[in-house]
Each structure stands twice: as structure tokens, then as C-alpha cells.
Amino acid sequence: MSKGNQSTSKKSVAYSPADVEDGLYARWLNRNYFHGRVDSTKEAYSIVIPPPNVTDVLHLGHALNNTIQDILIRKHRMQGYEVEWVPGADHAGIATQVIVEKQLKKEGLTRRELGREKFHQRTSAWASRNKEIILGQLKKVGCSCDWERTRFTLDEGLSRAVAQVFTHLYKKGWIYRGNRIVNWCPSCQTPLSDDEVEHETFDGRLWYIKYKVKGSDEYLTVATTRPETMLGDTALAVSPKDSRYKKLVGKTAILPILERELPIIADAFVDPEFGTGVVKVTPAHDPNDFEIARRHDLAEINILNTDGTLNENAGKFKGLDRYAGRKQVVEELERKGLLEKSEKYELSVGTCYRCKNVVEPYLSEQWFVKMSELAKPAIDAVTGGRIRFHPDYWAKTYLHWMENIRDWCISRQLWWGHRIPVWYAEDGTMFVSVDRPTAEQCRGYDPGSLVQDENVLDTWFSSWLWPFSVMGWPDKTPELTKFYPTRVLSTASEIIFLWVARMVMAGYEFMGQAPFSDVYIHGTVRDANGIKMSKSLGNGIDPLEIIDKYGADALRISLVLATPDGQDPWIGRNSFEVGRNFVNKLHQVSRFIMMRLPGKPPVIDRVDDSDLLMFDRWILSRLERTIETVNEAFADFRLSAAAKTLYNFVWNDYCSWYIELIKPDTPGASVREGSLNVATYVLNQILRLLHPFVPFVTERIYFDLLNVADDCDTTLMFGPWPTSDGRHRDEALERELEQIQAVVSAVRTIRSELDVSPAKKSDLYVRVKDPALARLLEDHIEYFRSLARVERLYTGVDLKKPSLSASAVISGAEVFVPLAGLIDVEVEKGRLEKELDNIKTHLEKTSKKLANADFLANAPPEVIEREKAKKQDFQERVEKINKNLEQILGW
RNA sequence: GGGCGAUUAGCUCAGAUGGUUAGAGUACUUGCUUGACAUGCAAGGGGUCACUGGUUCGAUCCCAGUAUCGCCCACCA
């Protein structure tokens, strides 16, 4: 066989996730492993998925978020909890409607032409298609959701919950209908809640408009960023404290163009320091002006149509778009000499979070939820520590919003969503009821003649109920009893207000307790350049593409490793190689072990303590330390740290050192039985610890290790999860191994720097300070012989340096490798001088410290002792290196 | 205007009641087809821990300020 063929045949031993993942997932599903049982006696651990919007297929952010949840779920399932992870999707009111209307537009249709019924059918079909795609994606990622309990925010059950909540709050007086200034999106033609508005900074202008004072030649100048709104002015206002304008209060000004008479009023809202100190009052298009108008009983003139064009109140500007209207108003003012000036002005304007158009403050009649009472228990829950944020600084953000909470505009002039459960009689009488009012409920009216409110509810009005509505509320279901409250809510920071905060309020109001105890806030996924991934920028990465190329396990562990706690991960396509390589490494080391295993079933769950050699005890000590660190990290929701700990343990301690140390020198020879047992035991523990992160490859290896048929009942999924009793922890042993590692590394460095072929073995001389180290090395030379390419080992306290040998000085020992004919004197000299410089620097630092009387007087004794020991060590090494250098010069 | 976070190797990030020779991955350089793995092994180079002060015997770590970047909140007409 040619070399080329060999290398291709070698490639085939690489782990192939595509051959493993789908089959295992189907198997888990078939066996119903993901289903949470309400009649279980085990303690419950539940999570509800943040329901993805049906508008989008999953992106990397979802992959990350759901991987995090799956890790928590799988770990607790292994720990013996009765686990429930409720999946589902959100109907995403505005977002979905905007997309479907765009599709209609392409076909030359509008939703009105189609009619409400047909529009709803069409949207519904589109949404459920997307929902299936999304749920399929979650399965590809490996999420162990309870698919029997999949929910959709528009499901019948959840819709009943929504209507129930509406009527409940209405009866309490916490839902009201009123004329208020709302954030109106002229493109979506619906109001938005304050939290759905995104503020952006724009380069705008400030126009100074002159208003004539009636019966005089005086003019008042008013500055505005939206000159077209002057068409809706119903007053001018000044500060009551402003002496400049005192005499004008009570007089009348003339609105330019429309020539309407405007009262000049005094209101404390006006800041005399700002602008000209005079404010135009446009009650229908500015929230402050609206308040002023209410105080002064002013008229409210709406100048806009719902689509953002000017209406009949705009006079000759009627029909113009708001911006065209602005331009023409400015031009006309200029012609009339009523525009004093205009200047550049940076302003922040609200935009629609769905369609990105600039929203208009707009007076209309809408439904609102009064929030102040709802917020109280939700504030207490966080200040009282019953709900914890991770990282905890998000609690501040949450509390700041809660403490300044404003009423929530919940009605939307859309068709896609939960219809408001309010019915009207012809005379305007209103009935609020979960279902169409019965004859009894609307006495005196024919129930059939009642007309339901045309509008729907904010999409968040259903998602804020999610933690209990998915479990069947308002019915008292076994699911609610067993699985409410949930444990953890995992999400990115963007929806803390829109969703998390509101869920807490709903949890207290309707269930009497918090919906979860911990809120895990992870970062927002950014691309390799730090730009937020988004559809519109096209910099997103499709998780399925990554799964196809690298596998779901690689996707998962790579995401977790790349996501620092609380910070935004920067992810490029090659970020996933880290995980792919790691998964393969795990697969390879398992192969190594399995190749050595005798035919009989291996012992995987215990070790024989009486049959342990040094390295066996060492890896067990390291394992227990790793288990402790991982469990601590989980307790603090530091998943990335847990993953990193495991990554390092597997790759460095287990593969690079332990396996290499127990690997027999001669090819094909068997590994010592006791060590093979330890290696297998540790592998089993590794598989368990890693299973939440990389469920597929670990389960696959587990089957192979036990050599079980695919249709057996074996699985890692139900644990046990590793714990440590510290029985094998041995610090002294770990120190000893570090000494061996230091010797091996020193030899490797010498050989590498002097360019010695790995094929060539060499002798090793180690001059030790403490005979114990000599014994340690002598006793274990057979284990590290091949790691350091050692032919014969010589040790001793007074060992003579062999001639023509390269040297290295480490703590407590000198290492000599005789390399007659291979040493380039200059290279060796360079090496030693460099090391000498390095040690000298440290020696200086330490000496300086110890020469400082203040240090000696104040530092704790153990710190002084440590410094002294360091100083001595450095000193000895400097002397030794110097000696070795002298010798070289003699060559 | 207010608040929050970040600033450590070319890049992405760890780090510690304040005393470690400041680490990892990646990229880079060199050597290696070694009977688990080239998706690998070994070795190497690379850092005034953003800046300025302060506290301290000692600061990359604590405090204050500055700068830069990012995010959130806010009725600056």
C-alpha cells in the first residue's frame, strides 16, 4: 500500500458524528427518556424554553441558549431529578404579521382584501410550518425536551389562560382602556409598548418658528424637531417662573399657516433654560404636551392618519406623508418669513423593534395594564434573594426598570394574536369575559349581537404566562403541581424587561410564587469581528450548517467554551474546530482503551484500591479535583468554566500524561491490568461529566465500552452523576508527579532545541538535591522512558556531569543529556544564557523583597518563608547554570 | 443626562482573602506518519495585565479619576 493510501485510510478513524447522532436521538425518543412524569416521587427539576418566534429559524443565539438549558437539564436528570423541559414556540404577533403581509404584497394583495378569517388561516399555516422547522432544529442540536408537552402561544389552552388573565386583571381594575399617547408604528399600523421601541440617535434639525402674538407686533419663537406637528398645536406654553414672558401669559398667539388662535399658558413642565423657553403644545403627538393639555383643558388635534400621512386637520397638507409634510411646512414658513432659523441637532427617536421605522407619538384609544401593584412582589423577590440573576449585576437592571415601571399598552391593531376578550353591544355597552358572554352575563342584550373587540393583545401578553400556561393553567393540573415553579430561566439580556420581568409579575399574581429561582443571562452571539449576528446583516451562521460539518456535539461544546460568563462570545465559522477536535480526541482515547480491553465486560464503576500504582493514584486524585471544580462551577452557573475544566483534564491530564504513562513501551503489549481498570473507570467518569455537554459521542462511546447492543436499555442519561468524596485526593502525590513531568519536559526541551531526532534515544543523568527524587525517578523510569526517549537513567546527589552533554536546571535537580557530536556549542550556550537571564531576573526580584525591612516586618511568616525558599532555589539554579556555562566554554 | 459591563499574548478569553517564574485555546516558528488520535504529538517565540494617582511592606487584582469600546435606561421641546 502506498503512503498516500495509508494516510487516507488513517483519516477514516476520525469520529463521524453524522453516523451517530440521528440514530441516538431517535433511540432516546423511542424510549421516551425525555418525558417528565407527574407521578414520579423524584424531586422535580423543570425549565420552560424561551419560546422561539415562529418568524425565524434558529440562529446561533438559540443554539447557545438551548444548549445551556439542555446541559442543565441533562445534568439534573443524571443527578436523579424528575426532569421536565417544556418546549414550544411563540406566535410573535407583529413580527409574523409583518412578514405575511409582505408576502401578500408581492402577490398584489392586502390583508383587508383577504379578510380576517383567510388571513388568519394563511398566517397560521405559515407559522406552523416554521414551528416544525424550529422544533426539528432543536432536535438536531440534541435538546432533550419533553416533546409530548410542546406548546404554542396561540394554542387553545394558552389562549384560555390569556383571556382568563385579562378578565382577572380587568375585574381588579388593573386593566383599563383610555386615550393616551402611544408609540405608533405607521408601517405596522399598531401601537407598541414602550419596551418595544428602540431609541436611535439621528442627525436631525431644530427649527425655530415664529408665532405672532395677537394684537401686537411681537413674535414668540419656538424650537421644534418636528415642525409638521405645529399643525396640531393648541397652545404655547412658558414657565410660570420665566419673567421674560410673564406678561404674555393669558394672551393669544396665532398659529402660522393655519392661523388658529392659541392660548399662551404657563406650565411648570417648561424649562426656561432650554431653547427659547417657549414650547409649542401638540397634545395629540407628544406625551408631555398631552399631560399639559389635560392640565389646561386644551383641545387635542390629531393630524395623522394611521399610516403616517397627514389627515384633514392638516389643511392643505392633507394626504402628504409625514416627512413630505414636514418639508412643505418648513418651506411655507420660510416663504412667510416665520422661520427664524434652523440648526443641526442630534436627536434620539424611537423606532419599531420589528420593522425599524420611526414611530410617532400618537393619541389613540388603547388598552393598558396598570403595573405598579404587579411590580411590588416582583421587586421583593429579587431584593429578597428569592430570584437570583447570574451574573448578579443584571438584578440592578431589572430592579431599575421595575421601580420605574410604566403602564403597559397591550392592545395591538393587528389580526395575528389573541383577540381582546371584550364584547360590545350596539349602544357601546362593554362586556369583559373569557368567552362570548352568555345571555345571563349580558342581560338585556342578545349575546349573538355582541361584537368582539377587533384588536389583539401584545404578543408578550401571552408569553408572560408561559411558565404556568404551558402546564395547563388555569386548570389545576398535575403538571402544575409537579413542575411549577421551574428552576432556571435562561436567556440573553435583550428580553429582561419584555419577558423575564413580566413573567415574574405574572408568576406572583396568578400562581402566588415566582416562576423560577434563577435567571441565567448569557451573552449575545457576535461574529468574528464582534458584530451582533443578525439576519439583515447576513453575518449569521446557521447551526444546521455547523452540525452538518462538525456535528451537534462540536457545536454545543464549542459554543459553551466560547461563551465567557456574562459576556458576548465572538464566533466565526472556525470556532467550531475546537469542539470538533475535542470530540474526536475523546473518541480516539476511547478507542485506545477499547483496543486493550479483554473480551469480558470491563469494570467501569469502581477501582481496586489495592492495585494502584503511582500514576493510577495520581489520575484519580486529578479526577476528584476535576469533579469538585466542575460541580462548584455548576453551582455558580459558570458553565464555560466547567467545560474548560473538563477539556483540560481530558486532554492534558488524562490523554497527554496518564495514558502516555501507562502505555506500554513495546507496541501491542498489554497495559497493566490495574491501570487499565483505572483508565476505564476514569473514562467512564469523563463520559458522565461530559454527557450534558456532548451527549451523542459520550453515549456512543459508553455503548461501545460496554459492548452492548443498540436496542438494550443502557444509557448514560439517568446517571449517576459523578461526585467526589475526596478519597483519592493526594496533594503530595501531585507534587511528585510534577517533578517527573518537569524532568521529562526538560529533556524534551533539550532534545528539541538541539534538534535531536526523536528516533534517537539518549541517556539521561539527573543530579538531585534530595535522594527521594532520585528514587522516584528510578522507580518509574519504565513509565516515562519513551516520553523522554531515555536509553539509560543515572541519578545521584553527587552525580558527575557527563562530558559533552546538554544541561537544564530545574527546581531541585539538574538534568544532563549526553549528546556527543550533536551539540552545537553556540546553540547550547545561547540556551543556557537565556535561561540564566530569566532566573536572574526572578532572583533579583525576590532578593529585593527580602532586603526590604518593611516586608519582613509586615508580611505573614509563610509568605516570607516562601520568598526565602524561592530565593535559595533561584540562587542555586543560577550557580548551576553558571557552572554548566563555564564547562561549555572549555569545549 | 443616568446606569452597567469591558480593557491581560496577533486574536478570543482564564486568573488569584492582594505575595504564582501571569495561564489556556487559537494563530505563528521548528521538529515529528511514534500501533488511540495529523481533527494529532513535542518544543519554541510572543505580555510594563489601557492610562494616572491613591491605599499597602507588596497592586495585574482593592479605591478614585482618565481614556477607549460596547450595552441599557431617560418625556433634552
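Here is how names work: the chains are called A, B, and so on, in the same order as the sequence lines, proteins then strands, and each is numbered from 1. Predicted model only: the values in this text are computed from it and were never measured.
Place A:K834 and A:N652 on RNA chain B by their nearest nucleotides, and A:N652 ends up nearer the 5' end. Take the nearest nucleotide of RNA chain B for A:V589 and for A:D565: the residue whose nucleotide is more 5' is A:D565.
Note on A:E753: only backbone sugar-phosphate atoms sit closer than 4.0 angstrom, heavy atoms only; bases stay farther off. Counting non-hydrogen atoms under 4.0 angstrom, A:P361 reaches nothing in the nucleic acid. Residue A:K663 is classed as a base contact, given a heavy-atom separation below 4.0 Å to a base. Residue-level contact check: A:R638 touches neither bases nor backbone, having no heavy atom under 4.0 Å from any strand. Among the heavy atoms of the strands lying under 4.0 Å from A:N288 is at least one base atom, whether or not backbone atoms are also near. Residue contacts shown for A:V583 are absent, as no nucleic acid heavy atom lies under 4.0 Å away. Residue contacts for A:D568: at a heavy-atom cut-off of 4.0 Å it reaches the sugar-phosphate backbone alone, with no base atom in range. Within the nucleic acid shown, A:R866 comes within 4.0 Å of sugar-phosphate atoms alone, with no base atom in reach, counting heavy atoms only. Residue A:T225 is in sugar-phosphate contact alone, with no base atom involved, counting any heavy-atom pair closer than 4.0 Å across all strands shown. Residue A:V278 is classed as a base contact, given a heavy-atom separation below 4.0 Å to a base. Residue A:P564 is classed as a sugar-phosphate contact, given heavy-atom separations below 4.0 Å to backbone atoms only. Base contact: A:R580 has a heavy atom under 4.0 Å from a base atom. Among the heavy atoms of the strands, none lies under 4.0 Å from A:A857. Nucleic acid contact for A:K845: none, since no nucleic acid atom lies under 4.0 Å from a heavy atom of the residue.
Comparing the P positions of B:rG3 and B:rU66 gives an interatomic distance of 12 Å, to the nearest angstrom. B:rU48 and B:rA43 have their C1' atoms separated by 28 Å, given to the nearest Å. Remark: the separation of the C1' atoms in B:rG19 and B:rC13 is 25 Å, to the nearest Å. Remark: the separation of the C1' atoms in B:rU33 and B:rG40 is 10 Å, to the nearest Å. Annotation: B:rC11 and B:rU21 have their P atoms spaced 27 Å apart (nearest Å). A distance of about 38 Å separates the P atoms of B:rC57 and B:rC69, rounded to the whole Å.
Comparing atom distances between the A:T397 side chain and each of B:rC57, B:rC72, B:rU39 picks out B:rC72 as nearest. The A:Y345 side chain lies nearest to B:rC76 when the options are B:rU21, B:rA36, B:rC76. When distances run from any side-chain atom of A:Y393 to the nucleotides B:rA36, B:rC4, B:rU21, the shortest one goes to B:rC4. Of all nucleotides listed (B:rG44, B:rU21, B:rU39), B:rU39 comes nearest to the side chain of A:N581. Listed nucleotides B:rA42, B:rG40, B:rU20 differ in distance to A:W651; the shortest reach to its side chain belongs to B:rG40. Side chain of A:Q588, nearest nucleotide from B:rC37, B:rA42, B:rA77: B:rC37. Of all nucleotides listed (B:rG19, B:rA36, B:rU21), B:rU21 comes nearest to the side chain of A:F874.
Nucleotide B:rC57: paired with B:rG19 (Watson-Crick or G-U wobble, both distances less than 3.5 Å). With a cut-off of 3.5 Å on both Watson-Crick or G-U wobble distances, the partner of B:rA9 is given as none. Across all strands shown, nothing is found opposite B:rC37 as a Watson-Crick or G-U wobble partner with both distances under 3.5 Å. The pairing partner recorded for B:rG1 is B:rC73, the criterion being a Watson-Crick or G-U wobble arrangement whose two distances lie under 3.5 angstrom. The base-pairing partner of B:rA64, taking Watson-Crick or G-U wobble contacts with both distances under 3.5 Å, is B:rU52. Using Watson-Crick or G-U wobble geometry with both donor-acceptor distances under 3.5 Å, B:rU29 finds its partner in B:rA43.
Remark: the backbone N or O of A:A679 is paired with a side-chain donor or acceptor of A:Y654 at under 3.5 angstrom. Looking only at distances, a side-chain donor or acceptor of A:T841 sits under 3.5 Å from a matching main-chain atom of A:D837. Judged purely by atom type and a 3.5 angstrom limit, A:H285 has no side-chain atom pairing as donor or acceptor with the backbone of A:Y362. Without hydrogens or angle criteria, A:R580 side chain to A:N574 main chain gives no donor-acceptor distance under 3.5 Å.
OP1 and OP2 of B:rU21 both lie 4.0 Å or more from every side-chain N or O belonging to A:K871. For the pair A:N858 and B:rG58, the criterion of a side-chain N or O lying under 4.0 Å from OP1 or OP2 is not met. Considering only side-chain N and O atoms, A:R526 lies nowhere under 4.0 angstrom from the phosphate OP1 or OP2 of B:rU12. Contact annotation: A:Q567 reaches the phosphate of B:rA14 (side-chain N/O to OP1 or OP2, under 4.0 Å). An OP1 or OP2 oxygen of B:rU20 is reached within less than 4.0 angstrom by a side-chain nitrogen or oxygen of A:K870. For the pair A:S590 and B:rA36, the criterion of a side-chain N or O lying under 4.0 Å from OP1 or OP2 is not met. Contact annotation: A:Y398 does not reach the phosphate of B:rC72 (side-chain N/O to OP1 or OP2, under 4.0 Å). The phosphate of B:rU20 has OP1 or OP2 within less than 4.0 Å of a side-chain N or O from A:K849.
Side-chain N/O atoms of A:H296 and A:D267 include a donor and acceptor closer than 3.5 Å.
In this entry the distance linking CZ of A:F582 with C1' of B:rC37 reads 13 Å, nearest Å. Per the geometry, CG belonging to A:D854 stands 10 Å off C1' belonging to B:rG58, to the nearest Å. The distance from atom CG of A:N404 to atom P of B:rG2 is 16 Å, rounded to the nearest whole Å. Rounded to an integer number of Å, the gap from A:I496 CD1 to B:rC71 C1' is 11 Å. A:R785 has its CZ atom 21 Å from the P atom of B:rU34, to the nearest Å. Remark: P of B:rC13 and CH2 of A:W570 are 6 Å apart, rounded to the nearest angstrom. Here B:rC37 presents its P atom at 11 Å from NE2 of A:H587, a figure rounded to the nearest Å. Taking atom CD of A:E273 as the reference point, atom C1' of B:rC76 lies 13 Å away to the nearest angstrom.
Contact of the A:V20 side chain with the A:V697 side chain is not registered, since no non-hydrogen atoms from C-beta on lie closer than 4.5 Å.
A salt bridge does not link A:E291 to A:R294: none of the charged side-chain nitrogens sits closer than 4.0 Å to a carboxylate oxygen. The pair A:K761-A:E791 does not count as a salt bridge, with every side-chain nitrogen at least 4.0 angstrom from each carboxylate oxygen.
A donor and an acceptor atom sit less than 3.5 Å apart, one in the side chain of A:R877 and one in the base of B:rU21. In terms of polar N and O atoms assigned as donor or acceptor, the side chain of A:K585 comes within less than 3.5 Å of the base of B:rC37 in a complementary pairing.
The cationic atom of A:K585 (NZ for Lys, CZ for Arg) does not lie both less than 6.0 Å from the six-membered ring centre of A:Y647 and within 45° of the ring axis.
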A:E340 and A:T221: CA distance, side-chain angles, deciding distance, side chain to side chain donor-acceptor pair (under 3.5 Å) verdict: CA-CA 8 Å; A:E340 188 176 297; A:T221 302; 2.7 Å; yes

